Amino acid sequence: MTDLAQNTLDGLFLGSSYALLALGFTLIFGVLRRVNLSFGPAIMFGCYAATWVNLNFGVGLMALALITVAGAVLAGAYVERLCFAPHRNGSPIAAMVASFALWMQFEELATIALPRHIYDFPPLHGGTPLEFGGLMLRVESLVMLLAAIVMCAVLWGILYRTRFGVALRAVIDQPQAAQLAGIDVPRVFVLTFALASAIGGLAGFLIAASHEQVTPMLGMWSTLKGLLAMMLGGLGSLPGAVLGGLALGLLEAHSQWFLGPQYRDLLAYLLLFVLLAARVPWMTTRSAS
Amino acid sequence: MSALLEIRDLVTAYGKIEALKGVTLEVQQESITCLLGPNGAGKTTLMMSIAGILKPRQGAIQFGGENIAGRPPHAIVAKGIALVPENRLVFPTMTVLENLQAGAYQQGDKKTIAEDIDRMFVRFPRLKERIEQQAGTLSGGEQQMLAVARALMSRPKLLLMDEPSLGLAPLVVEEIFRIVTDLHRDGTTIFLVEQNAHMALKVAQHFYLMEQGKVSFSGTPGALAEDEVIRRAYLGSSKT
Amino acid sequence: MDDYAIGVLTNIGLISFLALSAYLLLIAGEMSFGQQAFFGVGAYAGGMLTSMYGWPLPLAALAAMALGALAQFLVGLPTLRLRGLYFAMATLAAAEMARILFELFHFQRQVEGEPVGPDGSQGFRGIRWVFAHGVEPLEYMGIIYAMLALALAAFLLVERSRLGATLRGVGEDPQLAASLGVDVNRVKLGAAAAAGALAALGGVLYAHHNTYIEPRNFDLMLGVHSLAYALIGGLGTALGPLLGVVLDIGALEGSRIFHGYRMIVFGGLVALLLVWRPRGLLDERSVQWLKRRFS
Amino acid sequence: MAKTTFFLILSLLPGLALAQAPKADFSCKATRTDFIFDCTIRLSRGGKPLEGATVTVGADMPSMPMAHTVKPVKAQPAQAPGEYRAQPDLEMLGVWAVKLRLAGPVRDQLILHYEFDSKGATPVRR
């Protein structure tokens, strides 16, 4: 019985990291109607920047978190300017392939800056995991869950309690009407991109801390998991992103326990394929041509 | 009365295709000016060029002593021009209240926004009944009213309306035109693009006819026999 | 030509099949992240047939192409009604599933006392048909480019024909094409099967060139790269994707000038190029312009 | 191109004409310059050292093998029979699929997976 509880717990922690990634993806997709394939690599850039600073100057955890988020936002701004601003009313495929091209840049930059394949990343709490009622609980996982909850609350607050939130939702809902309502849509794009990158940076920091390492594969991994969770939860819907992330986390935690890592991923992709093929309502409401 | 809006030799193109081939017209202060013309004459392109959605290639748009041609939409809204777009474009998943709040985006002070919203509900009682409803679920007429109300929330000096009667039942069209006359009576200057020439000529003080991207006639209602106007508005004046 | 030049040219030829496969689906209006899976199906099928069952290479290639076409047809059947990103994500999911299935695929046979065949994540060694038949690298490159020329000829033929117009019509405006009586789904499934066969052919040739394949060769990177080549080179003609491959593998890889910084240069170049030409270098407009100039 | 036509006919004949495959063991030490390794290769076939072969050492990245290739270097025969030495430049550390191309008495290709780090190369058994 405790295995079930332990897996569910691990699934929630894992799911919260996916939820954060999916939130970032969905914000960008919701506003821009474009897929940013450099979302994960920008996070990796942030993590690598923090690792590089840590290796050379040795900084505290808070500083590492800030550098990671700042690095992700900086990389995100670079991606926005080069891949999304020029294609605003152009073709979505061009913007996506351009963001893929920058993914190549980030990946090579990472391997040049830190040539070794794997680098350590300090965990939040080095000691043994906490334990209560027979369940193991790592501090990183707890902080990850809290961060996801806090980020959801913050995002909800921004969306429904601030002027920027009204503008953001208006642009997501009907971009041209937003322009006519006097909203500076390009500025909303840039700010949303920065917000999404910041969320990604936070997720990246917590993921690196819980894995206690960074590898160049972090870019691919976070992009895939973010995309998967976003699609599962329903393209373009913020609550969907959170639910999709948690569902993916739970599915993976439980299937890993019973079937092992390879079948775990196989199951996740199979679920997405079947849901897409069956054209389930919540996933295909928003057209994403 | 001086002209609130002056457009001179405006040219707007989609790629190589020139939709406006040098348009010149004026909208007098506190008037209802109406623009008629067959489909594809460039009426909506003109509206979008004034509102800043489309960047004109050439020509000037004088408003409040400044040439606003090519300025971004949010700057033009700030100067006091609001467009009620063709087919309304409400924010479908947002509630009626949120649509109005979005319309007042540039208005910083919360109290003024609340007052304006109350005034909208006085002018459009049906919107008050639907306050918490998602705009996408409203009827065509109600969405049209919401689109007008949202435009008014930015307290425009000049209200552009692009075919407000499009796709609405005759009874609702009556109501829309009554709203237009009420707004005019309360001092708003309105530049109205309309297919419904008959109704438009009843409310307008001045009207223009547009064909293939150029103004082909300008005058007050009655200056041209109504059937002649309707013939040219729908069939174009070319004698084929 | 020294070994290195032959190697680069061979790589260009091999990846071009994948770029053409992604291009074919793009002009049919579908963006696929999964052509690498059918490239893998071809590689595994072809490799097994020659090294485990002693089939001659041409026959194994045909069988692998049929299998690739069938595989893409089956994946396309439930998903081709999806549009845009939904289809792309479905193909991504299918391709990642294929890669994991390759990791789990252990099937070996004793040939001359040694186990030969796919061994899961350890990969599949000993696809030595080309060496066993004494085919020189230059000759094998010749075969690859002969096959590529055949594929290109087929493309250019189709593009001039009514089928080509139907295909682009379906790609640009499926509703309009349907209203003209085109069975949009059948056209898309046909294009998908052809794309699968094309990718599989590339896979067979790759397996025999490299004599060793492993699941990681067919990961998402390869799929998104082939999509990028098709778009960078241009969607106006079948030569577009080849241009994309030559630009990346040929110019930058071969030239080695940006030794070690290649991807940074190539990535930046692609992003800037797409700003200038969102539909690639040889896009539809420039192809029409060229046709007018030279016909 | 008579040889190719002959080959085409030959290719249609089924049959497992797979010659005895050579074996290789491979070890590398890092050198002072980054990413350049000093490698020794011992080739054997059917248990006997394989002498007089011309060996070129190349390498591909497991992911996207056709895009990330390393300029192949020719190996020089070393003292012991069947032993060869080469100094490939790998541009990046990590896991590489080392490609040994053999010509001369036997024509073949061997792919061996090694993890290259700042000290040397260790075989990779996933």
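Please read all numbers here as calculations on a predicted model, not as lab measurements. Numbered from 1 within each chain, the chains take letters A, B, ... in sequence-line order.
- In this structure, the portion of A/Ile112 lying under 4.5 Å from any heavy atom of chain C is its side chain and not its backbone.
- Counting non-hydrogen atoms of other residues, nucleotides and ligands closer than 6.0 Å to OH of A/Tyr263 gives a total of 12 or fewer.
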Name each donor-acceptor pair under 3.5 Å that joins a side chain in residues 245-252 of chain A to protein atoms two or more places apart or in another chain, with its distance.
| residue | atom | partner | partner atom | Å |
| --- | --- | --- | --- | --- |
| A/Glu252 | OE1 | A/Tyr18 | OH | 2.5 |
| A/Glu252 | OE2 | A/Lys225 | NZ | 2.6 |

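- Between A/Leu224 and C/Leu220 the shortest side-chain heavy-atom distance falls below 4.5 Å.
- Across C/Leu272, C/Ile264, C/Val275, C/Leu80, the residue that shares the most heavy-atom pairs under 4.5 angstrom with chain A is C/Ile264.
- A/Tyr269 places a side-chain heavy atom less than 4.5 Å from the side chain of C/Ile100.
- Between C/Leu82 and A/Leu276, the closest heavy-atom pair is CD2-O, 3.5 Å.
- Contacts from residues 88-97 of chain C to chain A, taken as heavy-atom pairs separated by less than 4.5 Å, involve C/Met89, C/Ala90, C/Leu92, C/Ala93, C/Ala94, C/Glu96, C/Met97 in sequence order.
- Within 6.0 Å of CH2 on A/Trp221 lie more than 12 heavy atoms contributed by other residues, nucleotides or ligands.
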Please tabulate, for side-chain N and O atoms in residues 81-94 of chain A, each donor-acceptor pair with protein atoms closer than 3.5 Å (sequence neighbours left out).
| residue | atom | partner | partner atom | Å |
| --- | --- | --- | --- | --- |
| A/Arg88 | NH2 | A/Glu80 | OE2 | 3.3 |
| A/Ser91 | OG | A/Ala94 | N | 3.0 |

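- With a 4.5 angstrom heavy-atom cutoff, A/Leu271 does not touch chain C via any of its atoms.
- Taken to the nearest 0.5 Å, the OH atom of C/Tyr86 stands 12.5 Å off from the CG atom of A/Leu275.
- In this structure, chain A has no heavy atom under 4.5 Å from any part of C/Leu273.
- Contacts of A/Leu267 with chain C are absent, with no heavy-atom separation under 4.5 Å from either backbone or side chain.
- In this structure, A/Phe100 and C/Val270 have side chains that are not in contact, with every pair of non-hydrogen atoms separated by 4.5 Å or more.
- Of the residues considered (C/Gly29, C/Gly280, C/Pro278), C/Pro278 shows the highest number of contacts with chain A, using heavy-atom pairs under 4.5 Å.
- No more than 12 heavy-atom neighbours from other residues, nucleotides or ligands sit within 6.0 angstrom of CZ on C/Arg279.
- When each of C/Asp219, C/Leu26, C/Leu274 is checked for heavy-atom pairs under 4.5 Å with chain A, C/Leu274 comes out on top.
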With a 3.5 Å cut-off and sequence neighbours excluded, list the donor-acceptor pairs that the side chains of residues 221-240 of chain C form with protein atoms.
| residue | atom | partner | partner atom | Å |
| --- | --- | --- | --- | --- |
| C/His225 | ND1 | C/Met221 | O | 3.0 |
| C/Ser226 | OG | C/Leu222 | O | 3.0 |
| C/Ser226 | OG | C/Gly223 | O | 2.7 |
| C/Tyr229 | OH | C/Asp248 | OD2 | 2.4 |
| C/Thr237 | OG1 | C/Leu239 | N | 2.8 |

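- A distance-only check finds a donor-acceptor pair linking the side chain of A/Glu108 to the backbone of C/Met263 [under 3.5 Å].
- Rounding to the nearest 0.5 Å places CG of C/Leu85 at 6.0 Å from CE of A/Met230.
- A heavy-atom distance below 4.5 Å is found between the side chains of C/Arg81 and A/Arg279.
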